[in-house]
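Have a look at the structure below before the remarks.
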Amino acid sequence: MHYLDELNPVQREAVTQTDGPILVIAGPGSGKTRVLTYRIAHLIEQGIPPYNILTLTFTNKSAKEMKDRIEKVVGARAQQVWAGTFHSIFARILRAEASKIGFPSSFSIYDTDDTTSLLRSIIKEKNLDPNAYNASAIRSRISLAKSNLLSPTAYRENADMMSQDRQQRRPYVVDIYETYLNRCQRAGAMDFDDLLFQLYRLFRENPDNIVEKYRNRFRYIHVDEFQDTNFLQYAILRRLLKYDGSPENVFVVGDDAQSIYAFRGATIDNILDFEKDYPNLRTYKLEQNYRSTHHIVQAANEVISYNRKQLQKTIWTDREESNKIKLLKCTTDDEEGRRVADSILEQKHRYHLPNSEIAILYRTNAQSRKFEEHLRRHNMPYRIIGGMSFYQRKEVKDFVGYLRLAVNPRDEEALRRVINYPTRGISDATVDKLVMLASGKNISLWEALRDPALDVNPKARQSLHNFYLLVSNWQQRAEKDLASKLADDILRQSGLLVHLKADTSPEGISRLENAQAVLDAISEFTDNPEPDLETGEPGERTLSLYLQTISLLSDADEKNDGQDQITLMSVHGAKGLEFKSVFVTGLEETLFPSFMSFEDPNGLDEERRLFYVAITRAKEFLTLTFAKHRYKYGQIRENDPSRFLEEIDEKHFDIVGGIGAGRASAKEAPVSPRASVSGSFATPRNRQQASAQPAIDPAGFKPSAPDAIVAGATVLHLKFGEGKVLSVDGAKDNKVAAIQFKGDELPERRIVLKFAKLQVM
DNA sequence: GTAGTCACTATTTGA
DNA sequence: TAGTGACTAC
């Protein structure tokens, strides 16, 4: 069948419209990937050289999948398309052009840990209070600044940013930012944001007319998941697209309803601005859902209609046959784990589902444990995406630290990590002196290492010298030697191998195996060079490129080994995926939606979009679960069912056992007095807390109607006791009251009136 | 210099 | 609870 015949009329129009700016608003399961891949295949069929086509995707994995799908239509030429994530494509450009902005071409990439530890050290050097200046909070501040193109100078002139910092009682954030930038430059390192920020800088300063080069190269630009791009990414695209005589061949695909990365700077404004920036824009809406059955699609529409801001769009399906959505009400998180495992077992028997068609989704990675326990108990194979990945393990990071140093000795985070690990007689005091000297003279740690002005005892000096020789030797080899051979030598000569071998505990053995797995990965990498895009020759396969590649891997890129396993992951991780059967778990107030989102309505809207993404992953079976009681930080917490459950019409539900027989009864189910509930999970701490609760006689308690709860009223809550209503907001069925309870550690609690048991006094 | 203990504290999502 | 950083004892 010809590829164009596999498309519906709207899809086909979007695919064959090859020139000018195009926006495709694509609902979940509407064939978005198909449109994108066929459009690129179509361009190639029309004679456009594949290396003139750029496609920016969200994960490396989806870029690869896309290339493979294009290949099915146009053959091997497909592999010459520039397809990858923003970060990986831009890193590649920066490697080629680094010298123009004062970076080595083998610059290091600092991951979140490197950045945080560098910031921690800057905060210490500046003698700032580490409590007020929380390193990871500062990191997100700096990230926010970069994503909005604010240099330190612009930051200082930005009244909003400065006053926010003052309000947070940390007026020196911008100074930390400035120092941080210097340090990165000195270390020849870029963090994730820099890969965008520095590229933007390169294009703006435009040495040697470099923008021209890339404008000519990328004649057709595609962006997947456009709703998740931030201002900086948009600005870079604009640089590439907006100039005199530009054909503006840009094709973006997105869905405002699936925007779930606002927390890291993504903004829907990009979709709205797009229409303004490109007056010739043609917009297509893909609304037919080919993925899910009727009840799922309807539920998704109902939920998303509660969001205030959205582009008008209603997804629909012609799939009539349909299972209802199952709702599992559980008393505890443990019961939730058990019943999900049981349901999976049952589904597998009844419908012969392979494990790979089943996914368990949760809001936070920490929730995976209970599911793991119960799946293991049933001997069901599973894999976890996200959480601690291979390259985040300590032993792997240590080894990689040495490799980074061999490639770029100025890499200060790598140097600090390994300089005395395994121990080689370089004390913390010596390292501190090194850092002070480097700061004083504004030289890199690597230079400071052999600076005669360094005031240390002869023994330490000798140790430093030996370390210097060791690393210099690797560094010289890094440019010519085979990466795998060099890495093997580094593992031995660094002393890491001996150190790891010394630990014969099971964990120790697994650490050794992980280090050796890095060697295997490097061999695999060097043995399979990808073709160079312009020449088609086997491309560069240096250690430096390997390091760059692994630092840009994301969780979603983890491969499956072809085993038939159940997938466990966060809802964020599930974006773009689909499964026959999906379990969306932990649907409780404060968890999903997260309590972090309660402060601002935009936050709640984002949680709702996240829920929308979660349920639309399911093709045939959707199961929603919640637990009344759940452990958090070692303590039991009680939660109400998520408001999102209330936003789905009952007719889509099939309620299975648990607390009460039906949904309505769950709302009015008699609530056990706190003491007896805690008693069944007795720990000394819980007991104490329970006895501190105000004693309210459940028998004499008569809940008032939600309408009776108004701001200023004094109310009684079975669990929290007496409280004052500060405010009430939200529409009729979703009213939320902010209440301050007497003797409560929280300044206020937000209570969903529909679920709450409150009595006006 | 290292290993072990203790107390504290953070609580989301991720390239 | 789990991870971390500071402190202590050898």
Side-chain angles (χ1 to χ4, degrees), chain A residues 56-63 84-91 109-117 120 124 130-131 134-137 139-140 143 146-147 190-197 225 228-230 232-233 259-266 333 361-367 369-370 385-389 391-392 394 420-431 459-460 463 499 503 548-557 569-575 586 590-598 603 606-607 609-611 613-614 630-637 683 685:
Chain A
L56 299 164
T57 59
F58 198 70
T59 63
N60 296 295
K61 190 175 152 206
S62 70
T85 62
F86 275 89
H87 290 86
S88 66
I89 297 281
F90 292 176
I109 296 176
Y110 278 179
D111 65 14
T112 310
D113 288 346
D114 295 319
T115 298
T116 313
S117 93
R120 206 170 280 136
K124 200 170 144 195
N131 291 319
N134 172 294
S136 48
R139 185 181 58 77
S140 43
S143 172
K146 285 182 183 165
S147 310
M190 298 196 200
D191 66 20
F192 291 133
D193 298 309
D194 284 331
L195 296 175
L196 313 177
F197 193 66
E225 310 282 10
D228 287 323
T229 53
N230 64 27
L232 175 51
Q233 289 165 326
S259 157
I260 55 174
Y261 283 100
F263 75 92
R264 69 177 202 219
D333 49 356
L361 308 184
Y362 32 75
R363 180 67 180 78
T364 67
N365 287 119
Q367 285 162 254
R369 243 194 53 207
K370 279 289 169 203
I385 311 264
M388 176 80 84
S389 75
Y391 285 103
Q392 286 174 320
K394 185 184 176 302
N420 197 37
Y421 184 84
T423 50
R424 52 169 69 84
I426 301 171
S427 68
D428 290 352
T430 305
V431 176
K459 236 174 103 185
S463 303
H499 183 78
D503 185 348
Q548 194 156 88
T549 308
I550 62 169
S551 48
L552 296 176
L553 285 180
S554 67
D555 295 326
D557 296 325
M569 61 185 154
S570 73
V571 181
H572 282 89
K575 175 156 113 162
T590 74
L591 184 60
F592 197 177
S594 157
F595 70 100
M596 299 284 284
S597 68
F598 287 178
E606 175 145 321
E607 295 284 316
R609 291 192 295 268
L610 196 52
F611 182 60
V613 168
R630 178 182 300 278
Y631 271 98
K632 198 180 182 192
Y633 312 122
Q635 263 174 289
I636 271 196
R637 304 291 173 94
T683 64
R685 276 181 96 155

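Chain letters run A, B, ... following the sequence lines, proteins first, then strands; residues in each count from 1. This one's a predicted model, so the numbers in the text were calculated from it and none came from an experiment.
Taking the side-chain contact (heavy atoms from CB on, under 4.5 Å) definition, one finds that Lys370(A) meets it with Asp333(A), Asp334(A), Glu373(A), sequence neighbours left out. Listed by chain and number, the residues in a side-chain contact (heavy atoms from CB on, under 4.5 Å) with Gln367(A) are Tyr362(A), Arg363(A), Thr364(A), Thr585(A), Leu591(A), Arg630(A) (sequence neighbours excluded). Not counting sequence neighbours, the partners of Ser62(A) by the side-chain contact (heavy atoms from CB on, under 4.5 Å) test are Thr57(A), Thr59(A). Legend: residues meeting ring pair (Phe, Tyr, Trp, His ring centres under 6.0 Å) with Tyr110(A), ordered by chain and number and at least two apart, are absent. Considering only residues two or more places apart in sequence or on other chains, Phe192(A) meets the ring pair (Phe, Tyr, Trp, His ring centres under 6.0 Å) condition with none of them. For Phe263(A), the ring pair (Phe, Tyr, Trp, His ring centres under 6.0 Å) partners at least two apart in sequence or on another chain are Tyr261(A), His572(A). Partners of Thr430(A) by side-chain contact (heavy atoms from CB on, under 4.5 Å), not counting sequence neighbours, listed by chain and number: Ile426(A), Ser427(A), Val456(A), Ala460(A), Leu464(A).
In this structure, Arg139(A) atom CZ and dG14(B) atom P are separated by 12 Å, rounded to whole Å. The CG atom of Asp333(A) sits 13 Å away from the P atom of dT1(C) (whole-angstrom rounding). dG14(B) atom C1' lies 12 Å from atom CG of Leu610(A), rounded to whole Å. Put simply, CG on Leu591(A) is 11 Å from P on dT12(B), counting in whole angstrom units. With rounding to whole Å, Leu195(A) atom CG is found 13 Å from dA15(B) atom P. The distance between atom CG of Asp193(A) and atom C1' of dA15(B), rounded to the nearest whole Å, is 9 Å. Residue Ile385(A) contributes atom CD1, which lies 15 Å from atom P of dT13(B) at whole-angstrom precision. Between the CZ atom of Arg630(A) and the P atom of dT1(C) there is a distance of 16 Å, rounded to whole Å.
Checking Glu607(A) against Thr85(A), the closest nucleotide of DNA chain B that is more toward the 5' end is the one next to Glu607(A). Nearest-nucleotide mapping onto DNA chain B: of Gly425(A) and Ser143(A), the residue sitting toward the 5' end is Gly425(A).
A close approach under 4.0 Å does not occur between any side-chain nitrogen or oxygen of Asn420(A) and OP1 or OP2 of dG1(B). For dG14(B), the OP1/OP2 oxygens have a side-chain nitrogen or oxygen of Asn365(A) closer than 4.0 Å. Residue Ser570(A) places at least one side-chain N or O under 4.0 Å from the OP1 or OP2 atom of dG14(B).
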Between protein and nucleic acid, restricted to nucleotides 4-10 of chain B and to nitrogen or oxygen atoms under 3.5 Å apart, what atom pairs and distances do you find?
none

Below 3.5 Å is the cut-off: list the nitrogen or oxygen pairs between protein and nucleotides 2-5 of chain C, distance only.
unit_1	atom_1	unit_2	atom_2	d
dA2(C)	OP1	Arg369(A)	NH1	3.1
dG5(C)	OP1	Arg120(A)	NH1	3.1

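dT4(C) and dT13(B) have their P atoms separated by 15 Å, with the value rounded to a whole Å. Separation of the C1' atoms belonging to dG5(C) and dT12(B) is 24 Å when rounded to the nearest angstrom.
Picking from dG14(B), dG1(B), dA15(B) the nucleotide with the shortest atom distance to the side chain of Ser427(A) gives dG1(B).
Donor-acceptor pairing under 3.5 Å is lacking for the side chains of Ser551(A) and Asp111(A). A donor and an acceptor atom, one from each side chain of Ser136(A) and Asn134(A), are located under 3.5 Å apart.
Between Phe263(A) and dT13(B), a base-stacking contact is recorded: ring centres under 5.5 Å apart, planes less than 30° from parallel.
Across all strands, Phe86(A) comes closer than 4.0 Å to no nucleic acid atom at all (heavy-atom distances). Contacts of Thr112(A) with the nucleic acid, taken as non-hydrogen atoms under 4.0 Å apart, include base atoms.
In this structure, the side chains of Thr85(A) and Leu56(A) stay at 4.5 Å or more apart for every pair of heavy atoms.
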